[in-house]
Amino acid sequence: MTPEELVHQLETDRTLAVVRAPSITDAAELCRALSSGGIRTVELTFTTPDALNHVRRAAETAADHGATVGIGTVMTADQARAAIDAGAQFLVTPGLRMEVAAVAAAAGIPFSLGAMTPTEVAQAQDLGSAAVKIFPARQLGPAYLKDLRGPYPDIRLLPSGGIDASNAKSYLDAGAAAVCCGTSVVPPAAVAAGDWAEIAARAAAFTGTLK
């Protein structure tokens, strides 16, 4: 997947699911549940035990479930290389991680760097971030994104943190390319229990609010 293709998918679906859980019973079924609910971009995270094995499982079954799977909370170049080797199609960082950006760019893998201030947003763009993750978005809210869009009208902004069905549309209306959804759609307990029906229903309900 190219950076342009990732951005197009995000802008089409308007969301990305971030999965943080104590365990994942089956990453392929998790991706199938999310995809069936309209969320085709799934970010597993290094904070989940055995994250690389879950990414590998999801990547190997992508033709079946239809989701694009990446990995987030990537902090080091070694993690970036391991994620790419496991089949991750994109990388996400919580802040500006130059060595991660360098590894991903060299491999031709799209990545999204975390930023908060206008200076960090510009740095993320300079490093080649396909979309800039605004984190933690809940601290300043949708109005902050609208302000950022003034000097940065062409940067794709991807707010993350504290976004749920009650406020997601307001971030999109403020200029976000897409929004990250987390525990409101993929509760850790439901992921650990393998409750795919609940997750599929939550995904469908969430994407229904983004129209």
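Values reported hereafter were calculated over all heavy atoms of this structure, with side chains retained and with hydrogens, waters and symmetry mates removed.
Linking ILVMFWY side-chain heavy atoms closer than 4.5 Å, directly or via other members, places Tyr144 and Leu158 in two distinct hydrophobic clusters. Hydrophobic cluster membership is shared by Leu113 and Ile84, with clusters built from Ile, Leu, Val, Met, Phe, Trp and Tyr side chains linked at under 4.5 angstrom. Connection of Val19 to Phe111 is established within a shared hydrophobic cluster, with ILVMFWY side chains joined at heavy-atom distances below 4.5 Å, either directly or through further cluster members. Residues Ile134 and Leu96 are members of one and the same hydrophobic cluster, defined by side-chain heavy-atom contacts under 4.5 angstrom among Ile, Leu, Val, Met, Phe, Trp and Tyr. Val7 and Leu145 are not part of a single hydrophobic cluster, where members link through side-chain heavy atoms under 4.5 Å apart.
Within the structure, the salt bridge (charged side-chain N to carboxylate O under 4.0 Å, His left out) test picks out no pair touching residues 141-150 (sequence neighbours left out). Sorted by first and then second residue, the side chain to side chain donor-acceptor pair (under 3.5 Å) pairs involving residues 116-141 (not counting sequence neighbours) form an empty list. Evaluation of the side chain to side chain donor-acceptor pair (under 3.5 Å) test over residues 63-76, restricted to residues two or more places apart or in two chains, returns Gln9-Thr68, Arg20-Thr73, Arg32-Asp64, Thr61-His65. Within the structure, salt bridge (charged side-chain N to carboxylate O under 4.0 Å, His left out) pairs that include any residue of residues 33-53 comprise Asp13-Arg40 (at least two apart or interchain). Note on residues 92-107: no pairs pass side chain to side chain donor-acceptor pair (under 3.5 Å), not counting sequence neighbours.
Under the 4.5 Å side-chain criterion, counting only non-hydrogen atoms from C-beta, Val74 is not in contact with Val92. Using a 4.5 Å heavy-atom cutoff, the side chains of Met116 and Pro136 are in contact. Under the 4.5 Å side-chain criterion, counting only non-hydrogen atoms from C-beta, Leu16 is not in contact with Ile39. Counting heavy atoms from C-beta on, the side chains of Val132 and Tyr152 never come closer than 4.5 Å. When side chains are defined from C-beta on, Phe90 counts as touching Thr41, because their heavy atoms get closer than 4.5 Å.
With hydrogens and angles ignored, the 3.5 Å screen pairs no side-chain donor or acceptor of Thr48 with any backbone N or O of Ala51. Thr207 places a side-chain N or O within 3.5 Å of a backbone atom of Gly37 that can act as its donor or acceptor partner. The backbone N or O of Val179 sits less than 3.5 Å from a side-chain atom of Thr15, completing a donor-acceptor pair. The closest donor-acceptor contact from the side chain of Arg14 to the backbone of Leu210 lies under 3.5 Å. With hydrogens and angles disregarded, a donor-acceptor distance shorter than 3.5 Å links the side chain of Thr12 to the backbone of His8.
When the salt bridge (charged side-chain N to carboxylate O under 4.0 Å, His left out) test is applied to Asp85, no partner is found at least two apart in sequence or on another chain. Residues forming a side-chain contact (heavy atoms from CB on, under 4.5 Å) with Ser184 (at least two apart in sequence, or on another chain): Asp164. Evaluation of the salt bridge (charged side-chain N to carboxylate O under 4.0 Å, His left out) rule for Glu11 yields Arg156 as partners, not counting sequence neighbours. Listed by chain and residue number, Asp173 satisfy the salt bridge (charged side-chain N to carboxylate O under 4.0 Å, His left out) test with Lys169 (two or more places apart in sequence, or in another chain). Contacts of Asp195 classified as side-chain contact (heavy atoms from CB on, under 4.5 Å), with partners at least two apart in sequence or in another chain: Ala190, Ala197, Glu198. Taking the salt bridge (charged side-chain N to carboxylate O under 4.0 Å, His left out) definition, one finds that Arg56 meets it with nothing, sequence neighbours left out.
Atom CD1 of Ile155 is separated from atom CG of Leu148 by 8.5 Å, given to the nearest 0.5 angstrom. Distance OG/Ser23 to NE2/His54: 7.0 Å, rounded to 0.5 Å. Considering CG of Leu157 and CG of Leu172, their distance stands at 11.5 Å, rounded to 0.5 Å. With rounding to the nearest 0.5 Å, the separation of SG in Cys180 from CG in Leu10 is 8.0 Å. Distance CZ/Arg81 to CG/Leu91: 11.5 Å, rounded to 0.5 Å. Atom CE in Met75 sits 11.0 Å away from atom CZ in Phe46 (nearest 0.5 Å).
Counting all heavy atoms, side chain and backbone alike, Ala137 lies closest to Tyr171 at O-OH, 3.4 Å. For the residue pair Ser112 and Ala131, the shortest heavy atom distance occurs at OG-O, 2.7 Å. Among all heavy-atom pairs drawn from Thr209 and Phe206, the shortest one is OG1-O, 2.7 Å. When all heavy atoms of Pro22 and Pro188 are compared, the pair lying nearest together is CD-CB, 3.8 Å. Counting all heavy atoms, side chain and backbone alike, Thr25 lies closest to Gly194 at OG1-CA, 3.5 Å. Scanning all heavy atoms of the two residues, the minimum distance from Val191 to Trp196 falls at O-CH2, 3.9 Å.
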For the pair Thr45 and Ile71, evaluate side chain to side chain contact (heavy atoms under 4.5 Å, CB included) and give the outcome as yes or no after the intermediate values. CA-CA 5 Å; Thr45 59; Ile71 190 162; 5.6 Å; no

Considering only distance and modelled atom types, tabulate donor-acceptor pairs under 3.5 Å from the side chains of residues 100-109, sequence neighbours left out.
none

